[in-house]
Amino acid sequence: MIFLSAGYETTAALLTYASYLLASNPDCQDKLIAEIDDIAPKRDDVGYTTISKMPYLDQVVCEVLRIYPPGILSDRECGETCTYKGYKIEKGLQIWIPTFTIQRDPTHWPDPLKFNPERFTKANREGRNPFTWLPFGAGPRICIGMRFALMEAKMALVRSLQVVRFEISPLTKIPPDVGNTSLLSKKSSYTLKIVQRH
Ligand code: HEM
């Protein structure tokens, strides 16, 4: 069951929000399309090596996962009673780590609702607390599908943007409704315009 819900729903959510955010930020979409046209313009160019050479694609995907993390929280059980910043945490206590909230906290992410892939350039990543970006969790129980999911989603985006662009339509809800379960599911269907590039 975990492989189905953790493996399909999450990647589908990432692609849904990626297409919405690219449609509503056409400058970023243009920049991504330029990178794709430069490095992998044709179907047969899409592979592990080419995808790994696309820094802007990685920045876009990281920023989508920041604003819309498919898993809105991670949880842990305290293994040993300890005190942290004056709070006593008892052994056995269940702790929820609020990924969605941390990733929209203006202390760490200025103007948090703005889609800005530049937050993930090499220079801008440096010095940032790594625990402020947790879409795949962290530590020994980090998502085991992370590398596969990133590669799969990036390949799907590149294949799509080789042939089409995403655009906002009069039916697009801005911002989109999100559900209220631990998986950031859609409350209703999402509508975008798909325009053939060539
Ligand atoms: C964009 C896609 C994905 C996201 C955002 C995501 C996110 C997460 C998160 C937040 C966790 C909890 C990590 C923690 O508690 O520290 C997790 C665990 C897990 N994920 Fe993913 N995941 C994705 C794709 C996948 C895929 C494709 C698979 C399998 C093919 C997968 C399999 C798992 C499994 C088995 C766990 C449990 C690991 C454990 O408890 O040791 N996930 N994932």
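Throughout, numbering of the chain's residues begins at 1 and tracks the sequence. When a ligand or atom number is given, it counts from 1 through the structure's own listing order.
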> Going by atom types only, do Asn129 and Thr132 share a side-chain donor-acceptor pair under 3.5 Å?
Replying inline: no
> Would you say the side-chain atoms of Thr50 pair up with the backbone N or O of Asp45, donor to acceptor, closer than 3.5 Å?
Replying inline: yes
> Are Glu90 and Lys88 close enough for a salt bridge, meaning some N to O gap below 4.0 Å?
Replying inline: yes
>> Using a strict threshold of under 4.0 Å (side-chain N to carboxylate O), is an ion pair present between Asp44 and Arg159?
In response: no
>> With nothing but distance in play, are any N or O atoms of Leu14 less than 3.5 Å from an N or O of ligand 1?
In response: no
> Do the side chain of Glu118 and the main chain of Asn124 share a donor and acceptor less than 3.5 angstrom apart?
Replying inline: no
> Does an N or O anywhere in Thr11 fall below 3.5 Å from an N or O of ligand 1?
Replying inline: no
> For ligand 1, is there an N or O atom under 3.5 Å from any N or O atom of Arg76?
Replying inline: yes
> Which ligand 1 atoms does Phe148 reach within 4.0 Å, using its non-hydrogen atoms?
Replying inline: 27 (C)
>> Less than 4.5 Å apart, side chain to side chain, heavy atoms only: is that true for Glu80 and Lys91?
In response: no
>> List ligand 1 atoms under 4.0 Å from Ile2, heavy atoms only on the residue side.
In response: 34 (C), 35 (C)
>> Using only atom types and a distance under 3.5 Å, with no angle test, would you say the side chain of Gln162 pairs donor to acceptor with the backbone of Ala40?
In response: yes
>> To check your reading of the model: name the closest protein heavy atom to atom 23 (C) of ligand 1, its residue, and the distance in Å.
In response: Thr10 OG1, 3.4 Å
> Which atoms from ligand 1 have a heavy atom of Pro70 less than 4.0 Å away?
Replying inline: 5 (C)
> For ligand 1, which atoms have a heavy atom of Gly137 less than 4.0 angstrom away?
Replying inline: 10 (C), 13 (C), 14 (C), 16 (O)
>> By the definition side-chain contact (heavy atoms from CB on, under 4.5 Å), identify the one residue from Thr16, Val60, Val64 that meets it with Leu21.
In response: Val64
>> Once rounded to the nearest 0.5 Å, what's the spacing between atom NZ of Lys31 and atom CD of Gln59?
In response: 6.5 Å
> So which protein heavy atom does atom 26 (C) of ligand 1 come closest to, and at what separation?
Replying inline: Gly7 CA, 3.5 Å
>> I want to confirm something. Looking only at heavy atoms, which of Ser74, Gly71, Pro135, Ala12 is nearest to atom 7 (C) of ligand 1?
In response: Pro135
> For atom 4 (C) of ligand 1, what is the nearest protein heavy atom, given as residue, atom name and distance?
Replying inline: Phe136 CE2, 3.4 Å
> Would you say the side chains of Tyr68 and Tyr20 form a donor-acceptor pair under 3.5 Å?
Replying inline: no
> Any sub-3.5 Å donor-acceptor pair from Arg128's side-chain atoms to Phe120's backbone N or O?
Replying inline: no
> Quick one: which ligand 1 atoms are inside 4.0 Å of a heavy atom on Gly145?
Replying inline: 26 (C), 28 (C), 31 (C)
> At a 4.0 Å threshold, what atoms of ligand 1 neighbour a non-hydrogen atom of Ala138?
Replying inline: 16 (O)
> Is a donor on one side and an acceptor on the other found under 3.5 Å between the side chain of Arg197 and the backbone of Val163?
Replying inline: no
> Can you tell me which residue and heavy atom of the protein come closest to atom 38 (C) of ligand 1, and the distance to 0.1 Å?
Replying inline: Arg141 O, 4.2 Å
>> Quiz question for you: does at least one protein heavy atom lie closer than 4.0 Å to atom 2 (C) of ligand 1?
In response: yes
> What atoms of ligand 1 come within less than 4.0 Å of a heavy atom belonging to Ile144?
Replying inline: 32 (C), 33 (C), 34 (C), 35 (C)
>> Students should be able to answer this: which protein heavy-atom is nearest to atom 17 (C) of ligand 1, and at what distance?
In response: Cys143 CB, 3.5 Å
> To the nearest 0.1 Å, how far is atom 24 (C) of ligand 1 from its closest protein heavy atom, and which atom is that?
Replying inline: Ala6 O, 3.3 Å
> Under 4.0 Å from ligand 1, counting heavy atoms only, is it the side chain of Tyr8, its backbone, both or neither?
Replying inline: neither
